[in-house]
Amino acid sequence: MATPEEAHDSTPEAEITSVLEQNDELDDEPPPPKIRDTPEDIKQDAIVNTLAFHPHEDILAAGDIDGDIYLYSYSCTEGENKELWSSGHHLKSCRKVAFSSDGEKLFSVSKDKAVHIMDVQAGKLVTRIPKAHSKPINALLLVDENVVATGDDEGTLKVWDMRKGTSFMSLKHHEDYISDIAVDQAKKTLLTSSGDGTMGVFSIKRRRFELLSEFQDGDLTSVSIMKRGRKVVCGSGEGTIYIFNWNGFGATSDRFAVQAESIDSIVPITDSLLCAASMDGFIRAISILPNRVVGSVGQHAGEPIEEIACSRDTRFVASCAHDQLIKFWDVSSLHKTSVSDYRRRKKKDGRLKALSSKAFGGGGDFFSGLLDTTEETDKTEEVEDDDSDEEDDSESD
């Protein structure tokens with residue numbers, strides 16, 4: 001029998017051995033996955049022209065200048081972004097991709113003048129309309145499960161019945177490329193923005209052209225319907241946002257110049273707030289009526305942005321630029337943003353307010369000097385315009 005002294009001497013050794021064994025077991029366990037605020041960037045081999053989010057799942061489609069289409073699953077868990085499949089069926093640059101409302105098909109148009117339909121689950125080409133236009137196709141909109149609208153580089157709009165694979169409207173009233181297409185909630189009226197500086201109005205129901213707006217300065221690069229269908233918003237290559245009243249398409253009701261090289265792509269986030277991408281690499285959050293630049297959502301430092309897209313839950317905006325990166329930005333805070341009608345002159349230092357810590361990429365960034373350090377309120381952020389940043393020529397609400 002061990003004496004009390006011997007028992008006391010052996011206890012610390014046993015405890016140390018036990019602790020070491022437990023540490024070895026812990027070392028064998030993998031560390032828990034890191035959860036990020038946004039999915040990680042996706043690096044591409046070529047410049048991506050177009051992006052589209054799946055309507056029901058965490059899936060993103062991308063089309064690049066080589067004509068390739070990629071499908072990715074994305075996640076905020078680090079290391080969980082995955083390529084699901086890729087397709088090289090287009091012979092030239094893929095310019096637009098769009099999912100069907102059920103998410104089972106992926107439509108794409110290209111400089112090769114073709115319309116393709118891919119099976120999302122299988123990653124296989126199921127339908128191809130070669131020579132859908134006589135010129136390269138630039139714009140695509142899925143009106144419903146059977147009707148698709150396309151626009152080409154010379155201003156021709158076609159509307160297709162996909163059950164037959166034929167177009168039932170082919171109208172040319174623009175003198176330059178069609179950059180974007182939008183449709184009203186009733187699916188009766190198509191709106192087109194064009195490089196000739198006009199917005200076109202077309203009736204699907206009557207299958208005819210209605211009118212062109214007056215000419216604006218520079219290309220019209222994008223078009224969206226906002227304010228519960230009462231306003232139409234167009235971005236322009238000159239960095240001006242043009243606003244039309246519904247059923248007042250001939251002339252703008254409001255316009256204001258944003259301190260940006262251009263407004264190349266816009267996506268509504270709420271009924272009054274949109275995100276706009278520019279050649280200067282910034283994605284700006286912009287309020288419509290009152291017209292204000294709220295701040296910066298994110299940036300591709302010094303790289304022109306080709307397109308932005310919004311996820312189905314409007315939590316993320318994805319962007320693609322000439323740096324060959326697809327980036328994700330958290331825009332969920334914009335849903336709580338309130339914009340004040342009150343106007344006051346602010347300091348004229350030309351800085352753009354960052355709406356998140358990721359918006360300017362941290363210290364050492366070339367554009368970090370633009371960071372606005374204005375404090376945010378705890379719950380609802382009120383934004384007031386900077387007279388040095390924008391020109392508001394508002395005429396009516």
Side-chain angles (χ1 to χ4, degrees), residues 44 46-55 60-71 85-101 103-120 123-172 174 176-183 190-195 200 202 204 219-224 264-265 267 306-309 320:
Q44 297 292 109
I47 294 172
V48 173
N49 290 325
T50 177
L51 299 170
F53 280 95
H54 193 281
L60 180 75
D64 69 21
I65 61 171
D66 291 336
D68 297 325
I69 296 173
Y70 296 86
L71 200 73
W85 53 257
S86 63
S87 164
H89 291 290
H90 279 300
L91 304 177
K92 296 182 180 180
S93 176
C94 178
R95 292 182 168 178
K96 193 73 176 179
V97 292
F99 284 99
S100 59
S101 58
E104 294 179 1
K105 297 177 181 177
L106 180 68
F107 290 70
S108 61
V109 295
S110 167
K111 188 178 179 181
D112 64 11
K113 309 171 189 176
V115 177
H116 287 183
I117 305 176
M118 302 287 297
D119 182 296
V120 171
K124 294 182 178 179
L125 180 67
V126 293
T127 302
R128 183 173 188 264
I129 305 176
K131 299 181 180 178
H133 283 245
S134 61
K135 301 297 178 183
I137 308 173
N138 193 62
L140 168 70
L141 175 74
L142 275 58
V143 178
D144 61 28
E145 63 272 16
N146 297 315
V147 179
V148 174
T150 54
D152 69 27
D153 279 1
E154 287 202 349
T156 297
L157 172 73
K158 286 191 176 185
V159 184
W160 302 80
D161 184 342
M162 298 309 296
R163 291 168 295 188
K164 300 177 181 178
T166 58
S167 63
F168 60 86
M169 288 174 63
S170 181
L171 302 167
K172 186 183 185 309
H174 290 294
D176 208 334
Y177 69 96
I178 293 176
S179 57
D180 200 6
I181 310 173
V183 68
L190 285 175
L191 305 175
T192 54
S193 55
S194 173
F202 301 84
I204 300 176
D219 302 5
L220 293 187
T221 58
S222 45
V223 58
S224 289
D264 293 315
S265 178
V267 290
E306 287 291 334
E307 189 169 279
I308 53 176
C320 55

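This one's a predicted model, so the numbers in the text were calculated from it and none came from an experiment.
- Sparse packing is recorded around NZ of Lys124, with 12 or fewer heavy atoms of other residues, nucleotides or ligands lying under 6.0 Å away.
- Rounded to the nearest 0.5 Å, atoms CD1 (Ile117) and OG (Ser108) are 9.0 Å apart.
- Here Thr192 pairs with Leu157, His174, Ile178, Ile181, Phe202 under the side-chain contact (heavy atoms from CB on, under 4.5 Å) rule; sequence neighbours left out.
- Rounded to the nearest 0.5 Å, atoms CH2 (Trp85) and CE (Met118) are 4.0 Å apart.
- Cys94 has its side chain within reach of Thr50: a pair of non-hydrogen atoms, C-beta onward, lies under 4.5 Å apart.
- Of the possible donor and acceptor atoms, none in the side chain of Ser224 sits under 3.5 Å from a partner among the backbone N and O of Val267.
- With sequence neighbours left out, Asp264 forms a side-chain hydrogen bond (donor to acceptor under 3.5 Å, both in side chains) with Ser262.
- Side-chain contact between Ser222 and Ser265: absent, with no pair of heavy atoms (C-beta onward) separated by less than 4.5 Å.
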Pair up each side-chain donor or acceptor in residues 140-152 with any protein partner under 3.5 Å, not counting sequence neighbours, and list the distances.
from   : atom 1 : to     : atom 2 : distance (Å)
Asp144 : OD1    : Asn146 : N      : 2.8
Asp144 : OD1    : Val147 : N      : 2.7
Thr150 : OG1    : His133 : NE2    : 2.7
Thr150 : OG1    : Trp160 : NE1    : 2.9
Asp152 : OD1    : Glu154 : N      : 2.9
Asp152 : OD1    : Gly155 : N      : 3.1
Asp152 : OD1    : Thr156 : N      : 3.0
Asp152 : OD2    : His133 : ND1    : 2.9

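- Of the inter-residue distances, the one linking Lys172 atom NZ with Lys158 atom NZ reads 13.0 Å to the nearest 0.5 angstrom.
- Among residues two or more places apart in sequence or in another chain, the side-chain contact (heavy atoms from CB on, under 4.5 Å) test is passed with Lys164 by Asp161, Thr166.
- Residues that satisfy the side-chain contact (heavy atoms from CB on, under 4.5 Å) test with Asp68, not counting sequence neighbours, are Asp64, Asp66, Tyr70.
- Remark: Ser93 engages Asn49, Ile65, Arg95, Lys111 in a side-chain contact (heavy atoms from CB on, under 4.5 Å) (not counting sequence neighbours).
- A donor-acceptor pair under 3.5 Å is formed between the side chain of Ser110 and the backbone N or O of Lys92.
- Looking at residues two or more places apart in sequence or on another chain, you find no side-chain hydrogen bond (donor to acceptor under 3.5 Å, both in side chains) involving Thr221.
- With sequence neighbours excluded, no residue forms a side-chain hydrogen bond (donor to acceptor under 3.5 Å, both in side chains) with Ser167.
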